[in-house]
Q: 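Attaching a single structure in structure tokens format; questions to follow.
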Amino acid sequence: MEYLKKRLLSKKLFDLPPEVKQLAPHPPSGAHHRGYSAPGREKVKQFRTDRVDIDDAQGAKPDDEVEILRDMKESFESGSERNEGMPNIWYPDGVIPGFKESCLDFYWTLYETEKHILRAIAVGLGIEEEFFVQYHSGGDNQLRLLHYPSIERALLKHADSSRIPSHSDFCTLTILFQDSVGGLEVEDQHSRGKFIPVAPIPSSIVVNAGDFLMRWTNDVILSTVHRVRTPIPSENDGDAQDIPDRYSIPYVGSVNDSDPAQR
Ligand SMILES: O=C(O)CCC(=O)C(=O)O
Ligand SMILES: [Fe+2]
């Protein structure tokens with residue numbers, strides 16, 4: 001992940017002053033999901049386990065307070081240059097040299113990984129190896145660079161300091177890279193509401209099944225409900241005031257927008 005942060009210039013990007021980061025702003029509409037979003041701007045749709053997130057954070061609260069959970073993260077989204085429906089939003093020349101090229105290069109490298117996984121799933125299901133690949137030409141995928149800024153411990157007393165609340169991804173599958181900070185958890189499919197930490201393993205990726213794959217396989221593969229909690233302070237942390245930053249890179253693999261399977 002350290003290598004990826006360097007290669008994709010993601011730390012360099014998020015270290016820029018806020019006004020510079022805003023030079024490639026995410027459009028106001030969520031439908032055009034490209035460019036830079038400042039912390040708290042993107043709100044991941046709440047899932048049925050909201051109750052669990054809130055309860056974990058500060059004990060039971062009335063339902064009308066569920067809405068106050070908000071994502072403490074900033075992000076940069078990019079996609080294929082061929083995607084005319086969702087054009088990329090890049091920084092002006094000179095702001096962060098090499099950024100566009102490294103994002104696009106990584107995007108297409110991960111598309112190759114995605115195809116391997118889609119083939120393996122098809123083989124596992126006993127269907128034709130290219131079955132899923134034929135509907136995934138890579139043009140409608142998304143590369144997300146995420147940064148969850150360091151936050152003050154005191155803020156954790158409030159439910160709105162969730163890093164990312166529980167949700168499943170609306171796609172076929174997500175290839176996820178995380179750093180060593182931790183906090184990622186997946187819901188136990190056999191015990192709803194129980195979350196299992198996904199401990200960071202160096203040089204590994206996490207693959208989350210998305211809602212689309214679940215639908216397509218008639219629930220044989222269930223989409224992964226996951227969330228990012230703030231790391232639980234350890235005794236070694238002493239009186240440290242801050243919870244460390246977290247960097248992650250999800251690559252969201254989606255079916256072609258133009259394919260009938262999408263409708
Ligand atoms: O930061 C992470 O590890 C998870 C991100 C995530 O779940 C998402 O972007 O959908
Ligand atoms: Fe996700």
Side-chain angles (χ1 to χ4, degrees), residues 1-2 4-5 8 10-11 13-14 26 30-50 52-53 56 69-79 86 103 106-107 110 113-114 117 140-151 161-189 195-215 221-232 243-255:
M1 187 70 191
E2 284 311 307
L4 281 181
K5 272 191 318 210
L8 295 170
S10 114
K11 179 158 185 345
L13 163 71
F14 293 122
H26 188 293
H32 183 182
H33 203 28
R34 294 289 183 263
Y36 172 76
S37 306
R41 187 153 190 301
E42 182 186 271
K43 293 180 184 57
V44 170
K45 193 161 167 5
Q46 306 296 293
F47 202 67
R48 61 188 158 71
T49 44
D50 289 348
V52 179
D53 285 334
D56 278 6
L69 270 180
R70 88 191 134 86
D71 294 7
M72 298 293 285
K73 69 171 184 331
E74 53 184 342
S75 65
F76 185 90
E77 265 81 37
S78 63
M86 220 181 281
C103 284
F106 196 49
Y107 179 100
L110 286 182
T113 312
E114 179 197 354
I117 300 169
D140 292 293
N141 292 350
Q142 200 178 104
L143 179 68
R144 282 159 69 71
L145 305 181
L146 302 184
H147 174 223
Y148 303 82
S150 162
I151 50 173
S161 59
S162 153
R163 282 200 149 159
I164 187 167
S166 51
H167 66 284
S168 55
D169 296 343
F170 182 73
C171 62
T172 305
L173 54 84
T174 304
I175 298 170
L176 176 63
F177 298 80
Q178 60 169 337
D179 65 11
S180 59
V181 169
L184 178 67
E185 296 180 347
V186 294
E187 190 184 27
D188 183 342
Q189 295 185 337
F195 281 81
I196 305 162
V198 182
I201 302 171
S203 306
S204 73
I205 55 173
V206 174
V207 178
N208 279 324
D211 295 340
F212 215 87
L213 190 61
M214 176 162 158
R215 189 67 184 264
I221 297 176
L222 301 181
S223 58
T224 325
V225 176
H226 54 286
R227 65 185 184 185
V228 179
R229 310 308 311 276
T230 44
I232 297 164
I243 301 294
D245 300 48
R246 170 186 169 86
Y247 291 83
S248 65
I249 303 172
Y251 179 74
V252 184
S254 296
V255 72

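In listed order, ligands and their atoms are each counted from 1. As the structure is a prediction and not an experimental result, all values here were calculated from the model.
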Q: Distance under 4.0 Å to a non-hydrogen atom of Val228: what atoms of ligand 1 satisfy this?
A: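 Those of ligand 1 that fall under 4.0 Å from Val228 are 1 (O), 2 (C), 3 (O), 4 (C).
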Q: Check Arg144 against ligand 1 and report side chain, backbone, both or neither, counting heavy atoms closer than 4.0 Å.
A: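 Under 4.0 Å from ligand 1, Arg144 contributes side-chain atoms alone.
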Q: Checking side chain to side chain donor-acceptor pair (under 3.5 Å) between His26 and each of Arg34, His33, Glu77, which is the one that passes?
A: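 Exactly one candidate clears the test, His33.
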Q: At a 4.0 Å threshold, what atoms of ligand 1 neighbour a non-hydrogen atom of Tyr148?
A: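 Those of ligand 1 that fall under 4.0 Å from Tyr148 are 1 (O), 2 (C), 4 (C), 5 (C).
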Q: Report the name of the N/O/S atom of His167 located nearest to the Fe ion (ligand 2).
A: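 Of the nitrogen, oxygen and sulfur atoms in His167, the Fe ion (ligand 2) lies nearest to NE2.
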Q: Do the side chain of Asp179 and the main chain of Val181 share a donor and acceptor less than 3.5 angstrom apart?
A: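 It does hold such a pair.
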Q: For ligand 1, which atoms have a heavy atom of His167 less than 4.0 angstrom away?
A: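 Per the distance check, 6 (C), 7 (O), 8 (C), 10 (O).
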Q: Do any nitrogen or oxygen atoms of Gln178 come within less than 3.5 Å of a nitrogen or oxygen of ligand 1?
A: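 Looking only at distances, the answer is no, because the N/O contact criterion of under 3.5 Å is not met.
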Q: What part of Arg246, side chain, backbone, both or neither, has a heavy atom within less than 4.0 angstrom of ligand 1?
A: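 Side chain only.
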Q: Among the N/O/S atoms of Asp169, which is closest to the Fe ion (ligand 2)? Give the atom name.
A: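 Among the N, O or S atoms of Asp169, the one closest to the Fe ion (ligand 2) is OD1.
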Q: Students often mix this up, so state it plainly: with edges at 30° and 60°, are the rings of Phe14 and Tyr36 parallel, tilted or perpendicular?
A: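 Because their plane-to-plane angle lies in the 30° to 60° range, the rings of Phe14 and Tyr36 count as tilted.
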Q: Taking the non-hydrogen atoms of Arg227, is any one of them nearer than 4.0 angstrom to ligand 1?
A: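 No; Arg227 lies far enough from ligand 1 that no heavy-atom distance drops under 4.0 Å.
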Q: Counting from 1, what ligand 1 atoms have a heavy atom of Ser248 closer than 4.0 Å?
A: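 Matching atoms, with element in brackets: 1 (O), 2 (C), 3 (O).
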Q: Nearest heavy-atom pair of Thr172 and Leu213: which atoms, and what distance?
A: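 Residues Thr172 and Leu213, closest heavy atoms: O-CB, 3.3 Å.
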Q: Would Arg227 count as a cation-pi partner of Phe195, with NZ or CZ less than 6.0 Å from the six-membered ring centre and within 45° of the ring normal?
A: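 Here Arg227 passes the 6.0 Å and 45° test against Phe195.
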Q: Heavy-atom contacts under 4.0 Å between Leu176 and ligand 1: side chain, backbone, both, or neither?
A: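 Side chain only; the backbone of Leu176 stays clear of ligand 1.
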Q: State whether a side-chain donor-acceptor pair under 3.5 Å links Asp211 with Ser168.
A: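 The answer is yes; a qualifying pair exists.
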Q: Under a 3.5 Å distance rule, please check whether Arg163 uses its side chain to pair with a backbone N or O of Pro149 as donor and acceptor.
A: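 Side chain of Arg163 to backbone of Pro149, a donor-acceptor pair under 3.5 Å: yes, one is there.
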Q: Using 30° and 60° as the class limits, which term best fits the ring planes of His147 and Tyr247: parallel, tilted or perpendicular?
A: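 Geometry flag for Tyr247 against His147: parallel rings.
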Q: Of the backbone atoms (N, CA, C, O) and the side-chain heavy atoms from C-beta on, which set of Asp169 has a member under 4.0 Å from an atom of ligand 1: side chain, backbone, both, or neither?
A: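 Near ligand 1, Asp169 shows its side chain, while the N, CA, C and O stay back.
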Q: Taking only heavy atoms of Leu146, which atoms of ligand 1 are found under 4.0 Å from at least one of them?
A: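 Result: 1 (O), 5 (C), 9 (O).
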Q: Of the side chain and backbone of His226, name the one, both, or neither that has a heavy atom under 4.0 Å from an atom of ligand 1.
A: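 Just the side chain.
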Q: Does the side chain of Tyr107 come under 3.5 Å of the side chain of Asn141 through a donor N or O and an acceptor N or O?
A: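 There is no such pair (donor and acceptor under 3.5 Å, judged by atom type) between the side chains of Tyr107 and Asn141.
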